[in-house]
Amino acid sequence: MELKAFRMNLFPGQHQEYRRRHDALWPELGQALADAGVLDYRIFLDSDRHTLFAVMQLAEGHSVDDLPELPVMRRWWAHMADIMDTHPDDSPVVVDLEEVFAFVPGATS
């Protein structure tokens, strides 16, 4: 299992719209994420800073790096581009985060 954490930036005043769109996540996008090996995907909001913090738990042998090539992923990016920081291709501006601490009860080191 692998964890991937990153942050993104939302435009001010778009918190509720971001939540609404994700509450209505397209089934085909959910299937694409699952097929790519996403076991758990959570996004948290710092509403004071309009910052999103995401954590993905990935299966061994995952293919999430291939998701940007899928038409459904590109459509989702275009769907979200008006409410968050994006690149010219509509992909979200993502800053990868480095893990600096983990507490896992019962894990051996």
Side-chain angles (χ1 to χ4, degrees):
M1 190 230 6
E2 178 183 339
L3 287 178
K4 179 178 176 73
F6 53 95
R7 71 175 166 81
M8 301 172 285
N9 295 309
L10 207 51
F11 294 148
Q14 296 300 321
H15 307 142
Q16 291 303 320
E17 181 60 17
Y18 186 87
R19 181 183 306 271
R20 185 189 71 74
R21 292 182 191 185
H22 280 76
D23 285 347
L25 186 75
W26 305 334
E28 63 270 30
L29 180 55
Q31 188 62 56
L33 293 169
D35 291 348
V38 176
L39 302 174
D40 190 7
Y41 187 1
R42 297 171 191 257
I43 302 173
F44 302 87
L45 170 67
D46 176 345
S47 58
D48 291 339
R49 292 179 180 81
H50 316 292
T51 301
L52 300 164
F53 169 75
V55 179
M56 297 173 78
Q57 182 182 10
L58 306 171
E60 188 173 327
H62 68 81
S63 60
V64 295
D65 293 338
D66 297 335
L67 285 171
E69 305 307 318
L70 298 179
V72 68
M73 188 84 261
R74 294 189 172 276
R75 285 194 320 273
W76 182 258
W77 290 346
H79 179 58
M80 301 300 290
D82 64 323
I83 64 171
M84 63 189 305
D85 287 340
T86 61
H87 295 286
D89 69 353
D90 290 335
S91 64
V93 174
V94 170
V95 177
D96 289 328
L97 300 174
E98 176 185 352
E99 183 176 313
V100 295
F101 174 77
F103 173 74
V104 182
T108 58
S109 48

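What's counted below: heavy atoms across the whole structure, side chains too, no hydrogens, waters or symmetry copies. As the structure is a computational prediction, the values presented were derived from the model and not from experiment.
Two different hydrophobic clusters hold Met8 and Val55 under the rule that ILVMFWY side chains link at heavy-atom gaps under 4.5 Å. Both Phe44 and Leu97 are assigned to one and the same hydrophobic cluster, defined by single-linkage of ILVMFWY side chains at heavy-atom distances under 4.5 Å. A continuous path of Ile, Leu, Val, Met, Phe, Trp and Tyr side chains, each step under 4.5 Å between heavy atoms, connects Leu25 with Met84, placing both in one hydrophobic cluster.
How far CG of Leu45 is from CG of Leu52: 6.0 Å, rounded to the nearest 0.5 Å. Distance check, rounded to the nearest 0.5 Å: CD of Gln16 to OG of Ser47 gives 9.5 Å. With rounding to the nearest 0.5 angstrom, the CG atom of Leu33 is 11.5 Å from the CG atom of Asp40.
Note on ring orientation: taking the six-membered ring where Trp is involved, the planes of His50 and His15 are parallel (angle under 30°, cut-offs 30° and 60°). Using bins of under 30°, 30° to 60° and over 60° for the plane-to-plane angle, the ring pair Trp26/Trp76 lands in the perpendicular bin.
You'll find the side chain of Leu58 reaches within 4.5 Å of the side chain of Lys4, heavy atoms only. With contacts defined as side-chain heavy-atom distances shorter than 4.5 Å, the pair Met80/His22 qualifies. In this structure, the side chains of Arg75 and Glu28 come closer than 4.5 Å at one or more pairs of heavy atoms. Contact annotation: the side chain of Met73 approaches that of Leu29 to within less than 4.5 Å [non-hydrogen atoms, C-beta and beyond]. A heavy-atom distance below 4.5 Å is found between the side chains of Gln57 and Met1. Looking at heavy atoms from C-beta onward, Arg21 lies in side-chain contact with Ile83 at the 4.5 angstrom threshold.
In summary, of the residues considered (Asp46, Val93, Val95, Val94), a side-chain contact (heavy atoms from CB on, under 4.5 Å) with Arg7 occurs for Val95 alone.
A donor-acceptor pair under 3.5 Å is formed between the side chain of Arg74 and the backbone N or O of Pro68.
Within a 6.0 Å radius of CZ in Arg19, no more than 12 heavy atoms belonging to other residues, nucleotides or ligands are found.
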>> Run Asp85 and Phe11 through side chain to side chain contact (heavy atoms under 4.5 Å, CB included) and show every step you take.
In response: CA-CA 7 Å; Asp85 287 340; Phe11 294 148; 3.1 Å; yes
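Considering every non-hydrogen atom in both Pro92 and His87, the closest pair reads O-CD2, 3.6 Å. Residues Asp89 and Trp77 share a closest heavy-atom pair of O-CE3, 4.2 Å. Heavy atoms only, all atoms of each residue included: Asp35 and Ser63 are closest at O-OG, 4.3 Å. Minimum interatomic distance between Ile43 and Ala54 (heavy atoms only, all atoms of both residues): CG1-CB, 4.0 Å. Counting all heavy atoms, side chain and backbone alike, Leu70 lies closest to Ala32 at CD1-CB, 3.8 Å.
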